Structures are given as C-alpha cells and as structure tokens.
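Here's the structure, in structure tokens; my notes come after.
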Amino acid sequence: MKQDKTIQFDPHAIVGKWQEKWRLDKLYQINLGNAKRPYYCLMMFPYPSAEGLHIGNIYMQTGTDAFARFKRMQGYDVFEPMGLDAFGIHSENYALKIGKHPMEQGRLVQENFYRQMEAAGTMIDWSKKLETTDPNYYKWTQWLFVQMFKHGLAVRKKAKVNFCPSCKTVLADEQVIDGKCERCSSVVGKRDLEQWFFKITKYSQRLLDNIPGLDWDEKIKIAQTNWIGESKGAILKFKVDIPQSKSIELEIFTTRPDTLYGSTFMVIAPEHELVKQIFHETFSIDPEIKKEIRKYIKSVQNKPEEERLTEGKEKTGVFSGLFALHPLTGKQLPIWIADYVLASYGTGAIMAVPAHDERDYDFAVKYSLPIKHVISSPENDSHNSLYVGAGEIINSDIWNGLLYPKDIVKIISDIEKRGVGKAKSNYHLRDWLISRQRYWGPPIPMIYCEKCALENKSWFTQSNVTKPEEWEGAGWYPVGDKDLPVLLPFIEDFKPLGTGISPLANHPEFYNVKCPGCGSDARRETDVSDTFLDSAWYFLRYLATDWNEVPFPSPDFTKANLKFTNGFDLDLSHNNHKSSSESADFSSELVNRSRFLPVTIYIGGAEHAVLHLLYARFTTMALHDMGYLDFEEPFSKFYAHGLIIKDGAKMSKSKGNVILPDPLIEKFGIDTVRLYLRFLGPFEQGGDFRDTGIEGMHKFIKRIWKMFSNVSNQGKELSSERVKMMHQTIKGVTEDMEGLRFNTAIAKLMSYYNFLSTQNEVNVSEAKIYLQLIAPFAPHVAEELWYTIGESSSVHLSKWPSYEEKYLVSEEVRIAIQVNGKVREVLAIAINDSQNKVKVIELALQSEKVKRHLGGAIIDPAKVIYVPGKVLNFIV
RNA sequence: GCCGGGAUGGCGGAAUGGUAUACGCGGUAGUCUCAAAAACUACUGGCUAUAAUGGCUGUGUGGGUUCGAGUCCCUCUCCCGGCACCA
C-alpha cells in the first residue's frame, strides 16, 4: 500500500499563496502593445452599492473568468479588465439614504469592492482598472459629448420628458418601466423641459441593419429589433378643406395604405401643429367647438400618467371643426383630436380606418362615426364588425381584387405614382435623453451665451461648420478640449431640488464663465449627463488607462491631421507618461493596442438588452463616422448570462433570501464557490442556489485534493480504456468550454473523476490533464496540485490539452435491422473500427446478439445503410 | 394583446433524431466506530415480477412525420421574461 501523502485541504492557505505569487509575477498583467493573438474578454462592470458584491456579481465575474482562463490556455493574449460604474442615480440615492456625501461614500465603497473582486481569484488585469467617477475618465466622457455636439448628434430640444417625482430628475424612455421609475418605482410624470438629446434615431436603420450580422444571443437581437421597432408603411398627404385660405396639407403615417378607401375620419394628437392653428388663424370654426377643444386639451394635459394607464383603452376625443379631403375620392372626412394618437410617433396624425383597426374601431363606436369595410373577411361580413386579418381588397375602386398583405407593395407604388404619398418607415426608438438634473455625474461640458443666442451665433457659426438639422445651437459653445475636464465640484447641497434644475445651478462659482465666442458673461450648463453615457464607451478606455492624450487607442489618431477640422487636438510629439525615446513608438502603440478592438467577447446580463447595449452600439457607430474608430460595432460577440435565484425566487432584501459571497468564500474557499456557481445550471439560464449543492461541490474538491496528492510518478503505460476515457473527456470539456457550457463541462470532469477513482492509482499524465481541465474553475487548487505533482511553472502557462480522434474511434454503434420491410430489432454493439464500414457490419453480424435476434435471416452487408457514428440500417 | 423562452425523477439539471434521467443533491442499506460525524461501498423514475441479462410504462396535453421523437411539425394547458394606445 502506498503511503498517503495527503495534506489537510486548507483553501485559504493556497488562495493566499497563489494570488500573491500571481501578483508578484505579474502573471495577468498584459502588455497591450505586444500581443500576438489579442483576445478582449470583457465582462460588464458593476455599479457599486453599499452592500458590496452580490453573489450575482461573483457569478458573472467568475463565469467570464473561467472562459478567459480557458482562452488564455489556448494561447490567446487575453485581456480581462474591470472597473466601476460609480456615477449615477443609484449611488447618489444610496448616499442620500445614509446621509453621506456621494464623493465620500464612493471612496469607502470602492475599496470594499475591489477587495471583494480580487478575492474571486480572477485573472483580471488590475493595473488597468478604471472608475467612471475619476476625472481622468470623465474628461473623455465630456470629450465624447463635445464630439457629439460638434457632429450635430447632441441637440437641445424642448420635449415632454419623463420626470420621476421621487428621484427628481428626468428619465430616458428606457428607464420607465410600466409608467414607473426603473430605480424607485414611483409613478413617472411628464414635464415640458428643454433638454440635451443624442440623436440616436438618426442611426435607427443602421442599428437595425447590423443586427443580423452580430454574433449575439438571439433573444437580445430580437429585443433590440423590437425596441427599435421599425414599421414599414407610407406617408399620405390629405388636404385640409379650408375654402377661404391657402391649402394646408395634413400628413399622416400608416402601415395600412391598402385601407385608404376605408378611411372615414382623421385623428390628430392634441399637441399637433394644426390644433394650434385652429386658434391662431382665422379658421371659421364655431366658437362653441373651439371652447370644447380648449376644454379637452386642458383635460388631457392635466391627466396624470397614472390615470392614462389605468384608463387603458377607453378613448376620448373631440371634433376639431375641420375636414380633410380624401386624396382619391375627394370625400370630406372629419378631423378629430384625440390623445390615443401620440404626437411623438409618425406625424402625430392618422387616417382612421375603423373597419380594420381596433383603436379606430373603438373610437368610431364611441362617437358614432361611420365604418367602411375594404378588406373582405372570411367569416363575418356584418357591417359593423372589426377585421384586422388578411384578405381581398374590396370597395376600393381599381385596387379591388388585390390581396392584403401580399400586394401592399403594389399599392404603395400606385400611391407614389399618383403623388398622394410615399413609402416610409417609422421607428419606435426615440432620441436618447442625456440631461440629468442631479449632482452625481459628469457635468455636461457646454456653455450658453445669451448675447450670442440673440445674435444667432454659436460654435457652428464661429467654426463655420454645417449646423445640424432642426436645431442651430444658437448661443451654445462646447468647452474647449484643453479645458476638459469640467470638474464636478464638491458641494454640500448636492440634494436634488425637484424643480427641474440641477443642484449645481445654485453655485455661481461653478456656472459663471466667459463666452468662448464673444467673451461676455455666459453660463455653464449645470445638468450632468446620464450614467449610461459613462458606460457607453468604457470598454475603449480600458486599453488606454495610462494615456492622457487620447481617450482610446485607434489607428486614426496617428494621422497628423484628423479628418474633421473640429477634431481633437492631438499632440503626438509629446507624451506625459513615457520617456522621449519611447514616445517615438506611440503611433505604433496606438495601432497595436487597437488590435484588441472590437471587443472579442462581451459577457453580461440580458437586462441590458435595450439600454446599455444599444447606447454602446450607437456611440461606437457615431465614433466610427467621426473617424475615430475603424469599426462600427463594439462587441463582436455578446453572451447573455442568466440570473442566479434562491429557492425559485429572485433574491431580494425584502424576501430575505439574498446570498452574500463573503461568508461562502470564508466557509468553503473561493474555488468551491467558483465550481459550484458554474455547476448549478447552464450559464445562459442561471440557476437555483442551494446550500446542500455547494456542500457537494466541496466534497468533490476534497476528493480531487486527495486523489492528486497521491499520483504515481512512474510512467506506466495506460490501458486503452484509460487513454480513451482521457481523450473523450478532453474533447467533451473543450467543446463545452468553447460554448460556455460550464455545467456540463464540470459534470464530465466529475464523471472522469469517478472513473479514475476506480483505478488502482492515478498516473501523472492523467493528473496533468485533469488539473489543466479544471484550472479555469478552480485555479488555486489546480495550481497547488500542479506544483505537487512536480510541475514547476504555473498551470495557467501550460497549454490547453488537445485530444486525438484516433483514440476515440472505438465507439458504441446502434443498429436498426429491417427484415422484410419490418424492423426486427434495435441493438447496441461495441465495435473497434468505424473507418471501414464493411468491417463494422461484418463485426456486427458476427455478434451473438445480432445472430440471435435475426433468427437465421441472411443479411447482405452491401445493402446496409451506414451512417457514421450513428445508426446502421439493415435492409434485407 | 404582441414578441421571446420554458415544462424531463423527491430536487438542481444531462441528453449532434438513436440504450431518457449523465453529473450533483436528497434518500435507503452497508463498511468503519462504544456511538455519532466524516469518509467509503452498493442501490435509488413508476408499476410489476424474480427462473431470467424479465415484463409493462414513462420527458405538461392531444395528434402527426419517422424503422426510431424529450428532440422535428400542428393543437391545447400552464409558467417565466420583454414590449405595449407606436397607426
């Protein structure tokens, strides 16, 4: 009997030992400018909260890390960075809650976060971490804003915006869930405010067009497609029937131009331009009607969002006193004003076709408006029914007999031919509202000059750059690149005011500046930008955290003159961080580092499908168009991981089922936690956390520990069964790792362990392979045992084992035997050679089992249908 | 309402159209022990049965395709997620 060399398994001792060694060896510090096979493995960075890291954070980080370690062992130069998304309402609200200043709070929390993240035993390169609250970071967030402004993508618009009464700030559409605030669940109201917007809608079609080419989770692609929400249809023009005045055209958008003949009235939104004209111009409208309109509009304006939601589909409206003329029949159609038509979508006006649209139908029934059928319905031909399905076009003059939806293209081209309208797509996507009337964010780097505004001057006139459409930016100047960052000052009264004005607006020392255009007294923008702007570009910054001259590496920065006259003023001759001899290489460094982009794989939560991921795509696309990036999609591959739940329910403080990582790591060690988190369910689906489950995994680690503390160093020849098992395991685990199927990879490793435990002693070659395969999950244990079996360098520097098919050819083959057209029997037999099919079949036929079941029937091997590795169909 | 994704033992979950339930948890029995824990070994879908390497049945419901279906197609039921007066 061999002597048991097992030392008591003490996870904490080996974790400390190896993490220290990795740190000293700078094992995971990657030289970005000198990578042979760049591989950018990025995980979403967290926003720090006071409780520290949630088990969900550890779940995501260690999952990403397992993949990164695997890729590293495959020979890639894997870059795995991490940082903190520390600005924003979430952090600020917490600071408010505990009565601390966000700046102070941030510093306290940050330390704890990094400590916890480092305890997870990842190969994160901590020398390149970043925080969005760092002025060296938000300097570039502000630079990005300036670029957006200069390229006409950042505009100021007066708009009805979502306003959260509790957070006291405006919210983007994406941050309103069921009419409630994403963060605090208060009912969101509407306010009319002038705000900064990014014109993401300008990119709607491109954001949509690129989706099929992305190697992303299908469900995320669908969610983005739906969010952008393209509706194909047509813009149609109706003349407003006003005899005594010049003709006014009413443009409407419809997805159903085929039902044009079925239109019996028009509806415009209460905010529609025409409504204002009713009062301003000398339309001969009955004063009584005007009074009614005024009353209606007032009631709509005062209607809180809550009421609108609870009212559901109950529609209200009022007759405008005006008529439109049907473009094809010339018939008079009454124009109604109703708030079920949204001003923000399409043209804010519709043609109502009550016979074939549910909303129009409800409205027509309520106000006794006529209903005219123009699509034949299969069952119900009753005159007043609603039919939205496919069918033949009727009562429509020359369109009769055409089919909906098949012939809609023909109809649109006919409409265009007659000059009545044209094909047009509309999008659900709205512009990105950037302004926040809060304190805890990067100040928007803009200056407003009243004097210039009156003279209609702006940065655009000063720089002689073409102004953006719709908005000329009168009075606005961006802060010069050399004056960035605009520092967020430390102020005591940082609490939101709730008046639609930022806390910074109480600080003249902050907002009083001179106009960059005319030099007179001007005012700084006092709003800060949305947190999502911070995270829309952070993946670029990880590659340049040591640079002050450029925000991120890009070959385009090496051009002495940037394509845009308004581009960033880059001085390539000088560099703060490097000695002069090195700075000559700065240009090539820019090129080399940029080879990590776009991000090779991005891993994060599916909940960011339409927020962060869309903003990051838009930002990248915009930077590409500005000439700063040579790619337009930020993430080549995106992998959405699942959520970890507890006892079948989402973890929440109110349910008291929150799992914190620290006690678990304390009790079992990080390797057990890492293994268990990978094992409890598929990474893409998440899973249910069980206390007994993690105990089981701990037992497993202890067994491995024991087994590999006692390996044989004698290079005894392995039996073919053992070689086969080894290669099968390598193959299976490699394939699983490639697809991020960690749970099944671990199951295979456990199964392989069970096999090895039936052998007398484990050979060193088996042990090596085993430790390499398990290293991505349990790096410290693998490292220690690797050392124990006599290997000197790190297991993570070794190459991921490869398998050879020749050891796997012996396999089980199932055969189905057909005798006289009937299936006689289905059998399983083991064969040794699948290369030669006749040999396989002969072997099969010689098998006692087959002979018995065939009952004397003669089978011609040539007639056997052979499917490699699968099934043999015998036909007699 | 619309768009996604699901439903497999007592539980978490495996299964390129080919022996359903891998792997883990839990359970039962045993070894060790004065005893317990730990560790190890065997068994563990259900019903039935033992002469056997037995029979029947079994992946939410009901059909279909196929020699063969958890897997593909259609019907329904339920659960989870997202969007929602978007013309």
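Because only heavy atoms are used, hydrogens play no part in the values below, and waters and symmetry mates are left out as well, while side chains stay in. Everything numeric in this text was worked out from a predicted model, so none of it was measured. Protein chains get the first letters and strands the later ones, always in sequence-line order, with residue 1 at the start of each.
- Within the 4.0 angstrom heavy-atom criterion, only backbone atoms of the sugar-phosphate kind lie near Leu680(A); the bases stay farther away.
- For the C1' atoms, the distance from G62(B) to C76(B) is 7 Å, rounded to whole Å.
- Nucleotides U59(B) and U21(B) have their C1' atoms positioned 9 Å apart, rounded to a whole Å.
- Trp432(A) has its ring centre less than 6.0 Å from the ring centre of Tyr615(A).
- At least one donor-acceptor pair closer than 3.5 Å links the side chain of Thr744(A) to the backbone N or O of Arg741(A).
- With ring centers used as reference points, Tyr676(A) lies under 6.0 Å from Phe689(A).
- Of all nucleotides listed (G24(B), C85(B), A14(B)), A14(B) comes nearest to the side chain of Thr744(A).
- Out of G26(B), C83(B), A87(B), the shortest distance to the side chain of Lys699(A) is found at G26(B).
- Distance from the side chain of Ile222(A) is smallest for C3(B) among the nucleotides C25(B), C83(B), C3(B).
- The gap from the P atom of G13(B) to that of G6(B) amounts to 13 Å, rounded to the nearest Å.
- In this structure, Lys702(A) fails the cation-pi test against Phe9(A), since its NZ or CZ atom is not both closer than 6.0 Å to the six-membered ring centre and inside 45 degrees of the ring normal.
- Put simply, NE2 on His608(A) and CG on Leu614(A) are 13.0 Å apart, with the number rounded to the nearest 0.5 Å.
- With hydrogens and angles left out, the side chain of Lys315(A) and the base of C85(B) share a donor-acceptor pair within 3.5 Å.
- Close placement of the Trp336(A) and Phe363(A) rings is indicated, their centers lying within 6.0 Å of each other.
- When the side-chain nitrogen and oxygen atoms of Asn754(A) are compared with OP1 and OP2 of G24(B), one or more of them lie within a distance under 4.0 Å.
- In this structure, the side chain of Tyr367(A) engages the main chain of Gly317(A) through a donor-acceptor pair within 3.5 Å.
- Nucleotides C25(B) and U71(B), compared at atom C1', are 26 Å apart to the nearest Å.
- Using atom C1' as the reference point in both U16(B) and G10(B), the two lie 31 Å apart (nearest Å).
- Out of C11(B), C83(B), A87(B), the shortest distance to the side chain of His428(A) is found at C83(B).
- Relative to the side chain of Asn226(A), the nucleotides C25(B), C3(B), C83(B) differ in distance, and C3(B) lies closest.
- Listed nucleotides C85(B), C40(B), A87(B) differ in distance to Tyr345(A); the shortest reach to its side chain belongs to A87(B).
- Salt bridge annotation for Asp736(A)-Lys748(A): present, with a cationic side-chain nitrogen under 4.0 angstrom from a carboxylate oxygen.
- For RNA chain B, each stem of at least three Watson-Crick or G-U pairs (distances under 3.5 Å) is given as range with range: B:1-7 with B:77-83, B:10-12 with B:23-25, B:26-31 with B:39-44, B:45-48 with B:54-57, B:62-64 with B:72-74.
- Residue Arg690(A) has no polar side-chain atom (N or O) positioned under 4.0 Å from OP1 or OP2 of G26(B).
- In this model, the phosphate group of C11(B) is not approached by any side-chain N or O of Thr692(A) to a distance below 4.0 Å at OP1 or OP2.
- Listed candidates were G4(B), A87(B), G13(B). Nearest to the side chain of Asn743(A) is G13(B).
- Ranking C25(B), A87(B), C23(B) by closeness to the Ala747(A) side chain, first place goes to C23(B).
- In the set C23(B), G4(B), G13(B), the nucleotide with an atom closest to the side chain of Pro682(A) is G13(B).
- Nucleotides G9(B) and G4(B) place their P atoms 27 Å apart, quoted to the nearest Å.
- Nucleotides U44(B) and A22(B), compared at atom C1', are 15 Å apart to the nearest Å.
- The gap from the P atom of U75(B) to that of G24(B) amounts to 40 Å, rounded to the nearest Å.
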